Amino acid sequence: MVLAEATVAEVPPRRAVRRRRFDIVGRVVKPALFTLCLLPLASLAWGWMHGSLGANPIEATTRTLGDWALQLLLLTLAVTPARQLTGWTGVMRLRRMLGLFAFSYAVLHVASYVILDQFFAWTAIWADVVKRRYITAGLAAFLLLLPLAVTSTSGWVKRLGAPVWRRLHRLVYPAAALAVLHHFWMVKADVQQPLVLAAALALLLGWRLIAALRRRGETQRMARATPSGKA
Amino acid sequence: MSRRRLLATGIAGAIATAAGIGSTTVAASDGPAPRSKFANFVKTPWGAGEHLTDYGAITTYNNFYELGLGKEDPQRNAHLLKPRPWTLSVDGLCAKPARFDIDALIAAQPLQERIYRLRCVEAWSMVVPWIGFPLAALLDRVEPLGNAKFVAFQTLFDPKQLPGQRSPLLEWPYVEGLRLDEARHPLAILAVGLYGEVMPNQNGAPIRLIVPWKYGFKSIKSIVRLTLTETMPQTAWNRQAPREYGFYANVNPAVDHPRWSQKRERRIGEFFRRDTLPFNGYGEEVAGLYAGMDLTTWY
Ligand code: HEM
């Protein structure tokens with residue numbers, strides 16, 4: 001305790017620190033990542049303008065957008081483990097942006113399917129949704145992501161309260177699993193890419209599971225160490 | 001862009017590819033193989049009025065897993081396949097089994113141009129001006145025996161030339177089959193070229209099957225062997241996923257692939273999907289082959 005007080009005394013007031021220190025996450029990392037996340041989209045736009053998307057540009061567009069939706073979703077899920085591994089808390093400030101980019105690519109992916117691929121042929125789309133399990137899984141993933149995108153603002157965190165908000169946002173796990181399944185069920189025989197993404201997801205979810213089990217073990221140990229409940 | 005490359009190089013590579021860096025160098029580095037034209041072939045009335053798919057699209061949008069999984073991989077890896085010298089052997093239940101040198105075979109057959117629609121099982125289609133000759137002409141030369149009921153086809157097996165055969169996606173080599181009466185149908189051809197030119201490697205050089213009323217995967221590429229058999233031969237995709245790919249594989253909008261609809265297709269180069277026709281529009285010619293058969297069972 002004495003030690004802690006001494007440290008506090010030596011540290012200058014917080015506001016002074018903030019003014020002096022350069023906000024590297026807010027000023028550099030975040031804008032850079034923002035630009036990077038726009039690159040796939042820019043590249044698609046460039047491809048359409050220059051006719052360089054191959055013989056079937058519509059398929060290429062739907063696929064590229066789907067690929068990035070899923071990859072960014074997995075990247076979003078990697079933020080917390082990255083913080084735990086590196087201890088760098090600044091990375092948490094990138095999570096919302098990554099998640100919203102993942103959702104934006106998912107919206108564009110679905111729009112590409114509805115507009116470019118099917119051109120609003122709603123009966124064909126509905127038949128796809130009920131008959132094609134890969135489309136059903138894709139739609140389910142999309143519907144799970146929707147409330148997360150809507151409630152991503154700080155206002156909604158306050159309105160719901162952090163515990164409820166956190167519980168709601170656990171929907172991202174089934175959403176990611178359904179998106180991986182959607183991808184897996186779509187391919188004909190070349191399961192290599194979906195398998196890599198499934199492995200990445202398994203790693204990210206496994207990490208959380210182990211962390212949760214450890215936390216639980218610790219609480220139990222603590223409870224045993226203090227049977228009366230007093231510290 | 002190659003999805004495999006995207007994987008191999010990780011996120012950094014993915015970003016580079018997404019940004020268009022590298023994807024342009026691909027086209028530049030593997031310049032097209034020398035193209036040579038056939039001197040003599042006769043035009044046929046097939047496909048009159050059809051709008052031909054661009055040569056560029058036909059030769060860069062291919063399903064030929066032996067040369068890579070992405071649609072553009074076969075064109076990129078085309079140089080690995082050596083279509084000369086090449087021997088095509090015909091054996092099994094026939095009076096005169098034979099081995100043909102590809103150039104001698106081509107020289108002995110009057111060549112025709114056949115403009116056919118090609119409908120892939122993945123719900124896209126093209127119109128291709130093939131150069132070839134009727135499969136029946138080759139079968140006549142070997143004189144099938146009375147008990148021959150089917151023809152089995154086999155692609156070259158050589159992982160050095162066809163590196164996709166190193167990965168266990170399908171059981172290699174690729175095999176296909178037709179009933180003998182299907183094989184003898186005048187629409188079924190062995191193609192050795194397209195757009196008046198020698199067959200590009202990525203399209204199945206030096207010789208491939210074309211059965212225009214069936215899904216594209218029936219039209220086996222880079223054939224080295226035909227065998228006349230009494231029993232129904234195995235086919236590569238049927239072996240891999242029997243519920244999804246039948247032996248007959250006739251184009252049929254009424255029978256969906258279990259995972260996607262076959263009712264409509266995208267003609268490469270067009271924006272709107274168009275309706276898929278039974279037997280890919282060749283019903284008048286070939287429907288009789290299947291009289292009395294339930295095409296939902298025999299998909
Ligand atoms: C209503 C919802 C959705 C529909 C209708 C849908 C539709 C499709 C279709 C039609 C394809 C195949 C494209 C083609 O081969 O032409 C596809 C592929 C894909 N989708 Fe979706 N999708 C949906 C939601 C999602 C979501 C939410 C994600 C990810 C977060 C996603 C990720 C993917 C991926 C990764 C692929 C594979 C792309 C590739 O092969 O490279 N999809 N989707």
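Numbers restart at 1 for each chain; the letters A, B, ... are given by sequence-line order, proteins then strands. In this text the structure is predicted, and so the values were computed from the model without any measurement.
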Specify the closest pair of heavy atoms between [X] and [Y], including all atoms of both residues, with the distance to one decimal.
X: A/Ile58; Y: B/Phe271; value: CD1-CD1, 3.7 Å
X: A/Gly54; Y: B/Glu72; value: CA-OE2, 3.5 Å
X: A/Ala121; Y: B/Arg264; value: CB-NH2, 3.7 Å

Against chain B, label [X] side chain, backbone, both or neither, depending on which of its atoms sit under 4.5 Å from a heavy atom there.
X: A/Ala127; answer: neither
X: A/Leu41; answer: neither
X: A/Ala60; answer: neither

Which one of B/Lys71, B/Met126, B/Arg266, B/Gln240 has the most heavy-atom pairs closer than 4.5 Å to chain A?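 Winner by heavy-atom pair count: B/Arg266.
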Count the heavy atoms belonging to other residues, nucleotides or ligands that lie under 6.0 Å from [atom1] of [X], then report whether that count exceeds 12.
X: A/Arg83; atom1: CZ; value: yes
X: B/Phe157; atom1: CZ; value: yes
X: A/Trp48; atom1: CH2; value: yes
X: A/Ile24; atom1: CD1; value: no
X: A/Arg167; atom1: CZ; value: no
X: A/His50; atom1: NE2; value: yes

Pairwise side-chain contact, A/Gln192 with B/Ser167, heavy-atom cut-off 4.5 Å (strictly under): no
Non-hydrogen side-chain atoms of A/Glu59 and B/Tyr61 separated by less than 4.5 Å: yes
Select one option (side chain, backbone, both, neither) describing which atoms of [X] are under 4.5 Å from chain A's heavy atoms.
X: B/Glu244; value: neither
X: B/Asn62; value: neither
X: B/Asp54; value: neither

Check whether any side-chain N or O of B/Arg273 sits under 3.5 Å from a backbone N or O of A/Asp117 as a donor-acceptor pair, and report yes or no.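 Present.
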Quick check for you: to the nearest 0.5 Å, what is the distance between A/Asn56 atom CG and B/Cys120 atom SG? 10.5 Å
